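Just below is one structure, and these are the notes that go with it.
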There are 4 protein chains.
Amino acid sequence: MAKAVDRVRRRKDILDAAVRVFARKGFAASRVEDVAAEAGIAKGSVYLYFDSRDALLAGVFESYRARSDAVLATVGEGPALERLARLVGEVVDMLATHRDHARVLLDVWASAPSLDMAAVYRQYREAISALLRQARAEGQLRPDVSEHHATLIVATIEGCLLQWLTDDRVPLTDLAAPIIELTVEGIRA
Amino acid sequence: MAKAVDRVRRRKDILDAAVRVFARKGFAASRVEDVAAEAGIAKGSVYLYFDSRDALLAGVFESYRARSDAVLATVGEGPALERLARLVGEVVDMLATHRDHARVLLDVWASAPSLDMAAVYRQYREAISALLRQARAEGQLRPDVSEHHATLIVATIEGCLLQWLTDDRVPLTDLAAPIIELTVEGIRA
Amino acid sequence: MAKAVDRVRRRKDILDAAVRVFARKGFAASRVEDVAAEAGIAKGSVYLYFDSRDALLAGVFESYRARSDAVLATVGEGPALERLARLVGEVVDMLATHRDHARVLLDVWASAPSLDMAAVYRQYREAISALLRQARAEGQLRPDVSEHHATLIVATIEGCLLQWLTDDRVPLTDLAAPIIELTVEGIRA
Amino acid sequence: MAKAVDRVRRRKDILDAAVRVFARKGFAASRVEDVAAEAGIAKGSVYLYFDSRDALLAGVFESYRARSDAVLATVGEGPALERLARLVGEVVDMLATHRDHARVLLDVWASAPSLDMAAVYRQYREAISALLRQARAEGQLRPDVSEHHATLIVATIEGCLLQWLTDDRVPLTDLAAPIIELTVEGIRA
DNA sequence: CATGAATGAGTCTTCATTCAT
DNA sequence: CATGAATGAAGACTCATTCAT
C-alpha cells in the first residue's frame with residue numbers, strides 16, 4: 001500500500017518539477033535531465049514514472065485538465081449569471097495561482113498537437129453555454145446576446161492569461177473583476 | 001539591381017515556405033530541410049538567406065510585426081469608437097486571412113523568448129488606449145469603463161484567435177461582429 | 001571510488017585511441033567517430049569525457065606536456081654537462097618511444113594556436129640554459145659558446161624528430177649519440 | 001602570349017594570397033573564399049587556376065620547393081666548408097625572409113602526407129652530404145664527424161625555424177651565425 | 001527501485017565545388 | 001574568363017532512451 005502511495009507521490013514530484021522547468025525554459029529547451037535534476041533524482045529514474053519526454057508534457061497537461069475540471073465542478077448554487085461570474089472568477093484565480101502551470105500551456109498549444117487543448121476550450125465553452133441557457137431561461141439574459149458569447153468569455157480569459165504570461169506588467173488578478181463586469185454583468189437583462 | 005530584387009524575393013519565398021511548414025508541424029518539429037524542400041531549394045541554400053533555424057522563426061515574427069504595424073497604421077478617420085471598431089475588425093480580418101502566420105505565433109510565444117510578443121501586445125494596447133481616451137474626450141464612452149479595457153479588447157481578439165487556431169469549428173470571421181458588439185459598442189455612452 | 005578510477009581510465013583509453021588515430025591520419029582528417037571506433041566505444045561516448053573534437057587534441061597535448069615535464073624532472077645528479085647529456089638522451093628516447101604522440105605534435109603546431117607549443121620549447125630552453133650556466137660556473141664550458149646554444153640544442157632534437165617523423169629511414173635513436181656529441185661534448189672546455 | 005603571361009601572373013597572385021591566408025589562420029581554418037578575398041577575386045575564380053583547395057596547398061609547397069632548389073643551386077665556388085657555411089646561411093636567410101611561406105610548411109607536414117616534405121629534407125641532406133664528402137677529400141673535416149652530420153645540420157636549421165615560427169622572441173636571423181659556428185666551423189679539421 | 005554511463009539516431013551547419021549567367 | 005548563387009555531402013554535437021549494476 002505504502003508503495004503505491006509513494007509511487008503516486010514520486011510521480012507527482014516529477015510532474016511538479018517538470019512544470020517548473022518547462023515554465024522556466026520552455027518545453028523545447030528543457031531536457032529530461034533538467035527535470036530530473038529539479039526533482040532531485042537521476043535522469044534514468046524519470047523513465048520509471050513516465051514513458052517518454054513527451055509523456056511529461058502530457059502529464060502536465062493532464063494535471064492541468066484535472067485542476068480545470070475541478071474548477072468547473074464547483075460552480076455551486078444560485079442564479080445562473082452569479083454562478084457564471086463565480087466560475088470566471090475561479091478560473092482566473094486558478095490560472096493566477098498556478099502561473100507556471102499556465103505557462104506550460106503555451107508549449108502544449110505549440111508543441112503537442114496530440115494534446116487536445118481544443119477539447120479544454122470546448123469544455124469551457126459548453127459549461128458556459130449551459131449557464132447562459134439557464135440564465136436565459138431565468139430571464140436574466142439580455143435578448144441580444146450573441147450565440148458566440150461563450151466563446152468570447154473563454155477568449156477574454158485566455159487572452160488576458162496570454163498577456164500576463166508574456167508581460168509581467170499585466171496584472172491578471174486585477175483583471176478578474178473587469179472581465180466579469182464586461183462579459184457577465186454586461187449581458188444581464 | 002536585379003540581383004537585389006531577386007535576393008529579397010528569394011528571401012521572402014523562403015519565409016513563406018517557413019510559415020507554411022511551421023504552421024503545419026510546429027516549429028519544434030520542423031527541420032531546416034523541410035523548409036528548404038517546401039521552398040523548392042536545397043538545404044544549404046536556406047543559409048544563404050538566414051543565419052540559422054532560429055533566424056527563420058525570427059523572420060516570420062518580423063514579417064508578422066510588419067503586417068501588424070500596417071494594420072495599426074490604417075485606423076482612418078471618424079469618431080474614436082468607430083475607428084476602434086474598424087481597427088478590431090481589421091485585426092481580426094488580418095489574422096483570419098493569414099492563419100498560417102498566426103499559427104506560428106504560438107511557437108513564437110513558446111519557443112522564442114527573445115522574440116518580443118509582449119511588445120506586440122503592448123503596442124496594440126497602447127493604440128487602443130489612445131482611441132479610448134479620444135472616445136472619452138468625445139463624450140462617447142460610458143463613464144464606468146475599466147482602465148483595463150484595452151487589455152480586455154486585445155484579450156478577446158487573441159483569445160478568439162487561440163480557439164480558432166486549435167479548433168477549426170470556431171469561426172473566427174463570424175466572431176468579429178460579436179467582439180466589436182461586446183467590446184466596442186458595449187462601452188458606448 | 002571505483003567509479004572515479006574507471007572514469008580516469010576510460011578517459012585515458014580514449015586519449016590513447018586519439019593519439020593513434022591522429023598519428024595515422026592527421027588531426028584534420030580524423031573524425032570523432034574514428035577515435036570512438038579505435039577506442040571501441042560509440043561516438044557519443046567520447047563527449048562524456050571530452051567537450052569537443054578540439055578538446056581531444058588539447059588532451060593529447062596535455063598528456064605530452066606531462067610526459068615532457070616528467071623527463072625534465074629527472075635530470076639527476078652529477079656535473080652539469082653530464083646531466084645535460086643525459087637530459088638530451090632521455091628526451092630523444094622519450095620521443096622515439098612515443099612516436100605517435102610526437103607525430104600529433106605536428107598537428108598541434110599547425111592546427112591549434114591555442115595550444116602553447118612555444119611554451120614547451122621555452123621550458124626546454126630554460127632547463128637547458130640553467131644547465132649551461134651551471135656548466136660555465138663549473139668551468140666546463142668553452143668560453144665561446146653562444147648565448148643561443150640552448151635554442152640550438154632544442155633545435156637539433158626537434159629537427160631530428162621532424163626528419164624522423166616524415167621519413168622512416170631517418171633513425172632517431174641512432175641520432176641521440178651524435179646529437180649529444182655535437183651539442184654537448186662539443187662545447188666542453 | 002600576353003594571355004599566357006597574365007594567366008601565370010594571376011596564378012601567382014592567388015598563390016601569394018594563399019600563403020598569407022594559410023600563414024595567418026592555418027590551412028585547416030582557411031576557406032577557399034578567404035584566399036579568393038585576399039587575392040581580390042571571386043571564390044569560383046580560384047578554380048580556374050587550381051583544381052581544389054588541396055591544390056592550393058600543393059601549389060604553395062611547390063613554390064617553396066622552387067625557392068629551396070634555387071638556394072641549393074647557388075652554393076657557388078670555394079672550399080667545401082665555406083660553401084656549406086654559405087649554404088646554411090642562405091637557407092636560414094631564405095626562411096627568415098619568407099616567414100609566411102615557412103609557416104605554411106607546418107601545415108604541409110601535418111595535413112598533406114602526399115606532399116613530400118621528406119623529399120625536401122632528403123634533398124638538403126644529400127646536398128650537405130656531398131659537401132661534407134668534398135670537405136673530407138679536401139682534408140678539411142675532423143675525422144670524428146658523424147655520418148649523421150648532414151641530418152644534424154638540417155635538424156638545427158629546421159629546429160630553429162620551428163622555434164621561431166611558434167615564438168616571436170626567438171630571433172631566427174641572429175641564429176644563423178651560431179648555427180654555422182656549431183655545425184660547420186665546429187667540424188673543421 | 002535507482003542510477004548514470006553508454007548509445008546512436010537525428011539535426012544543424014559548414015564549405016568545397018559546380019555551373020548558369 | 002569571371003562571378004557568386006546554389007548545391008549537398010560530410011561531420012560535430014545533442015540528448016532521448018536503454019540497461020547493467
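Small disclaimer: the values here were computed from a predicted structure and weren't measured. Each chain gets a letter, A, B and so on, in the order the sequences are listed, and its residues count up from 1.
Non-hydrogen atoms lying under 4.0 Å from DNA chain F are contributed by nothing in residues 106-113 of chain B. Non-hydrogen atoms lying under 4.0 Å from DNA chain E are contributed by nothing in residues 15-26 of chain D.
Counting only heavy atoms from C-beta outward, the side chains of Y121(C) and D167(D) never approach each other to under 4.5 Å. Within the 4.5 Å cutoff, the side chain of L15(C) has heavy atoms near those of the F50(C) side chain.
A close approach under 4.0 Å does occur between a side-chain nitrogen or oxygen of Y49(A) and OP1 or OP2 of dA2(E). Contact annotation: R10(A) side-chain N/O to dA2(E) OP1/OP2 distance is under 4.0 Å.
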Distance-only donor-acceptor hits, side chain of residues 18-25 of chain C, under 3.5 Å, sequence neighbours excluded:
unit_1	atom_1	unit_2	atom_2	d
R20(C)	NE	E38(C)	OE2	2.6
R20(C)	NH2	E38(C)	OE2	3.4
R24(C)	NH2	E38(C)	OE1	2.8
K25(C)	NZ	D34(C)	OD2	3.1

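Atom CZ of F27(B) is separated from atom P of dC12(E) by 9 Å (rounded to the nearest Å). L57(B) places its CG atom 13 Å from the P atom of dC12(E), with the value rounded to the nearest Å. Residue L48(B) contributes atom CG, which lies 18 Å from atom P of dT3(F) at whole-angstrom precision. In this structure, D13(D) places its CG atom 15 Å from C1' of dA2(F), rounding to the nearest Å. Computed from coordinates, the D34(C) CG to dA12(F) P distance equals 8 Å when rounded to whole Å.
Under the side-chain hydrogen bond (donor to acceptor under 3.5 Å, both in side chains) criterion, S45(A) pairs with no residue, sequence neighbours left out.
In this structure, Y47(A) and S52(A) approach most closely via the heavy-atom pair CE2-CA, 4.0 Å. Residue W109(A) comes nearest to R103(B) through the heavy atom pair O-NH2, 4.3 Å, listed as atom of the first residue, atom of the second, then distance. Of all the heavy atoms in L57(A) and V108(A), the pair that sits closest is CD1-CG2, 4.0 Å. Scanning both residues, S30(B) and R53(B), for their nearest heavy atoms gives O-NE, 3.1 Å.
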Using the side chain to side chain contact (heavy atoms under 4.5 Å, CB included) rule, take L162(D) and L106(D) through it: C-alpha gap first, then chi angles, then the decisive distance, then the call. CA-CA 9 Å; L162(D) 204 51; L106(D) 292 181; 3.5 Å; yes
Would you please test H101(C) and S63(C) for side chain to side chain contact (heavy atoms under 4.5 Å, CB included) and show each step? CA-CA 9 Å; H101(C) 227 131; S63(C) 71; 2.8 Å; yes
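Salt bridge D6(D)/R10(D): absent, no basic N to carboxylate O contact under 4.0 Å. Between R99(B) and D168(B) there is a salt bridge, since at least one side-chain N of the basic residue sits less than 4.0 Å from a carboxylate O of the acidic one.
Residue I41(C) is the one, among I41(C) and A29(B), whose nearest nucleotide of DNA chain E lies closer to the 5' end (criterion: closest heavy atom).
Annotation for D51(D): atom CG does not count as buried by contact number, only 12 or fewer foreign heavy atoms lying within 6.0 Å.
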Sugar-phosphate or base contact per nucleotide [nucleotides 16-21 of chain E; S, B, -; heavy atom under 4.0 Å]: SBB---
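Judged purely by atom type and a 3.5 angstrom limit, R11(C) uses its side chain to pair as donor or acceptor with the backbone of Y49(C).
If you check every strand for non-hydrogen atoms under 4.0 Å, F50(A) touches nothing.
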Would you write out the dot-bracket form of DNA chain F, 5' to 3', with Watson-Crick and G-U pairs under 3.5 Å, [ ] for crossing pairs, | for pairs to other strands and . for unpaired bases? .||||||||||||||||||||
